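So the structure is just underneath, and the comments pick up after that.
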Number of protein chains: 2
Amino acid sequence: MNISDVARRAGLPAKTIRYYEEIGLVRPGRSANGYRAFSETDLHKLNFLGRARALGFGIEDCRKLLALWEDTERASADVRRLATEHLARIDDKIAQLESMRETLGALIRDCAGDARPDCPILRDLSGGTGDRARATVRE
Amino acid sequence: MNISDVARRAGLPAKTIRYYEEIGLVRPGRSANGYRAFSETDLHKLNFLGRARALGFGIEDCRKLLALWEDTERASADVRRLATEHLARIDDKIAQLESMRETLGALIRDCAGDARPDCPILRDLSGGTGDRARATVRE
DNA sequence: GATAGGGCTTCCAGTTACTGGAAGGTCAAG
DNA sequence: CTTGACCTTCCAGTAACTGGAAGCCCTATC
């Protein structure tokens, strides 16, 4: 299979697949003309990567998951731990975003949104009145 | 004020403040010795930026908000629109993360997490059974 | 006056996970 | 033979910093 075939079948851009090769996540063979030659196993790996990435796993997590996936002796506890840690990160992000949403929603509700220059959003951001903003945290 | 003073009072790392100068968000003066000399207005701007960033506004949004903040003639509707768009982005991200959380949570619940090699998480990622993963979207 | 410490400066590189584009080789069809 | 689609590599850019090196400046102490 050439790269555009796997790209279509894995639902990933060709550029991304080349990148995955560059960082060692897949190692397709090469045809005589220099084109990458992908096996069914490569395709399967790319599908795996696509799914894991869609779940928000980072590249290094994907590398570990892929190694676990290829290791038939591994314990499911290893995978579970990776997944659980990742779930905790997701929960953190959700909590942060919800805090942002709450603050920003309150500011928007208080803002007339008309042609007058007085704006509670800017007033709050500039630190004049309350300290609603700043409740949130950086990632 | 030297940079470490504003850094402390604005709650931002000095590195970040230099970066904000580099991209034109603040323009502190310079002392004879070449040190940055920050005014109270600069400090106020940096506080503003810190709050807006904590709400998840991107740098370019911050630039616009800062311009609106300095423009006493602006309409509050302009600010409200920026904030509302940003709120929509936040809602999107939350929805995506919640979808991920749901899928990943279900996978973790099904996984024994013991020493046996059989693992439903990897089975799902490898595309064997259902198509639970892939429901989610990239940012 | 010399020195030590901390603070300040600039510049360069690295982070995440790609994405866009240029320059050029390859292949199948007409 | 030419056209067009496909493939290759390499370089640069994205967001928003962060870390580190090399070197100047200022103050205090001996």
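Everything quoted here is computed from the prediction, not taken from an experiment. We name chains A, B, ... by the order of the sequence lines, and we start the count at 1 in each one.
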Once you round it to whole Å, what is the distance between C1' of D:dT8 and CG of A:N2? 12 Å

All heavy atoms of B:I108 vs all of A:R80, minimum pair found to be O-NH2, 3.1 Å

To the nearest Å, give me how far apart CD (B:E21) and C1' (D:dA16) are. 16 Å

Side chain of A:N2, backbone of A:S4: donor and acceptor closer than 3.5 Å? no

What integer distance in Å separates B:I17:CD1 from C:dG7:C1'? 14 Å

Is any side-chain nitrogen or oxygen of A:R36 closer than 4.0 Å to OP1 or OP2 of D:dC6? no

Sorted by position of nearest nucleotide on DNA chain D, 5' first, the leading residue of B:Y19 and B:K15 is B:Y19

Presence of B:R8 side-chain N/O under 4.0 Å of C:dG7 phosphate oxygens OP1/OP2: no

Round to the nearest Å and state the distance from B:I3 atom CD1 to D:dT18 atom P. 13 Å

How far does CG of B:D61 sit from CD of B:E85, to the nearest 0.5 angstrom? 7.5 Å

Counting the atoms with a prime plus P, OP1 and OP2 as sugar-phosphate, which does A:R18 contact under 4.0 Å by heavy atoms, base, sugar-phosphate, or nothing? base

Roughly, in whole Å, what's the span from CE in B:M1 to P in C:dG7? 17 Å

Is the shortest side-chain N/O distance from A:T16 to OP1 or OP2 of C:dA17 below 4.0 Å? no

Reckon B:N33 has a side-chain N or O less than 4.0 Å from the OP1 or OP2 of C:dC8? no

Do you know the tightest heavy-atom contact between B:R63 and B:I23? NH1-O, 2.9 Å

5'-most contact on DNA chain D: B:Y35 or B:I59, nearest heavy atom basis? B:I59

Determine, step by step, whether B:L25 and B:Y19 satisfy the side-chain contact (heavy atoms from CB on, under 4.5 Å) criterion, reporting the C-alpha distance in whole Å, the side-chain angles of both residues, the deciding distance to 0.1 Å, and the verdict. CA-CA 9 Å; B:L25 287 182; B:Y19 173 67; over 6 Å; no

Starting at atom CD of A:E60, determine the distance to atom C1' of C:dT15, rounded to an integer number of angstrom. 12 Å

So, is B:S4 close to the C:dC8 phosphate, meaning a side-chain N or O under 4.0 Å from OP1 or OP2? yes

Can you check the B:E22 CD to C:dA13 P distance for me, whole Å? 14 Å

Check the distance between C:dT16's P and A:L49's CG and give it to me in whole angstrom. 17 Å

